There are 2 protein chains.
Amino acid sequence: MDIREVLATNLKRHRLAAGLSQEELAHRAGIDRTYVSSLERCVYAASIEVLDQLATALGVEAADLLQREPGGGENNGPA
Amino acid sequence: MDIREVLATNLKRHRLAAGLSQEELAHRAGIDRTYVSSLERCVYAASIEVLDQLATALGVEAADLLQREPGGGENNGPA
DNA sequence: CTGTGACTCATAGTCCGTC
DNA sequence: CGACGGACTATGAGTCACA
């Protein structure tokens with residue numbers, strides 16, 4: 001599982017949990033609306049700088065946005 | 001406190017804890033020798049992709065490298 | 001409100017050599 | 001082994017128009 005997906009998933013989860021639209025989050029984080037969209041669609045591997053901005057705008061820690069889900073991208077074996 | 005400093009500090013701490021040189025870590029993470037040096041000197045704001053590579057090479061989670069130190073750049077709140 | 005292609009600019013990331 | 005500068009390439013960062 002790419003780290004981008006982890007970020008995209010967590011970003012969306014936290015954004016929805018905060019009851020914000022992509023536009024609202026983008027506005028709060030001081031970044032472009034379409035950029036947030038791109039991040040949630042794994043178009044980019046964000047730098048830690050925007051990661052920090054996003055986290056602050058969501059009221060969480062940067063590390064929270066990189067927390068991998070136990071069972072989310074679970075791999076059932078090659079068989 | 002810049003997020004870069006947090007990364008630089010944690011990166012160095014974990015690298016030393018693992019008993020690795022910058023060269024060794026760079027080799028294990030599959031990234032450039034001088035890049036690790038630059039990261040520890042806050043020259044760049046790494047993307048989450050290299051962050052993940054570094055974390056894996058160190059045997060920790062990407063989120064661990066972004067964990068802020070309580071007491072380092074402590075801010076007493078906006079109030 | 002959100003996804004997407006296209007585009008420009010900045011910088012992340014590599015390679016090389018030196019101290 | 002680690003800091004450092006330069007040149008280069010790949011990709012992230014930021015913005016617009018349209019569906």
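Because the structure is a prediction, the values reported are computed rather than measured. A, B, ... follow the sequence lines: proteins, then strands. Residue 1 opens every chain.
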## Note on the structure
So, with a heavy-atom separation below 4.0 Å from DNA chain D, the residues of residues 8-26 of chain B are B:Arg15, B:Ser21, B:Gln22, B:Glu23
#### Entry: Nearest-0.5 Å distance, OG of residue B:Ser47 to CD of residue A:Glu49
12.0 Å
### Any residue of residues 44-55 of chain A with a heavy atom less than 4.0 Å from an atom of DNA chain D
A:Tyr44, A:Ala45, A:Ala46, A:Ser47, A:Val50
For residues 23-32 of chain A, please give each side-chain donor-acceptor pair under 3.5 Å, one per line with the distance, not counting sequence neighbours.
residue : atom : partner : partner atom : Å
A:Asp32 : OD2  : A:Thr34 : N            : 3.0
A:Asp32 : OD2  : A:Thr34 : OG1          : 2.6

### Query
Between A:Asp64 and A:Arg13, is the closest basic N to carboxylate O distance under 4.0 Å?
no
### Summary
B:Asp32 atom CG is separated from C:dC16 atom P, nearest whole Å, by 9 Å
### Closest heavy-atom pair and its distance - A:Leu58, A:Arg15
CD2-CA, 3.7 Å
### Task
With heavy atoms under 4.0 Å as the rule, sort A:Thr34 into base, sugar-phosphate or nothing.
base
#### Entry: Integer-rounded Å distance: C:dA6 C1' and A:Tyr35 OH
17 Å
### Task
Take the protein atom CG of A:Leu39 and the nucleotide atom P of D:dG14, then report the distance between them rounded to whole Å.
10 Å
### Query
Can you tell me if A:Arg4 uses its side chain to pair, donor with acceptor, with the backbone of A:Val43 under 3.5 Å?
yes
### Message
If you compare all heavy atoms of A:Leu39 against all heavy atoms of A:Ala46, which two are closest, and at what distance to 0.1 Å?
### Response
CD1-CB, 4.1 Å
### Message
I need the B:Arg68 CZ to B:Asn10 CG distance, nearest 0.5 Å.
### Response
10.5 Å
### Message
At less than 3.5 Å, do the side-chain atoms of A:Arg4 and the base atoms of D:dG12 form a donor-acceptor pair?
### Response
no
### Task
Taking all heavy atoms of A:Gln67 and all of A:Val6, pick out the closest pair and write down the distance.
O-CG1, 3.5 Å
### Query
Would one find a side-chain N or O of A:Ser37 under 4.0 angstrom from OP1 or OP2 of C:dG3?
yes
### Task
Would you state whether a donor and an acceptor, one from the side chain of A:Arg33 and one from the base of C:dG3, lie under 3.5 Å apart?
yes
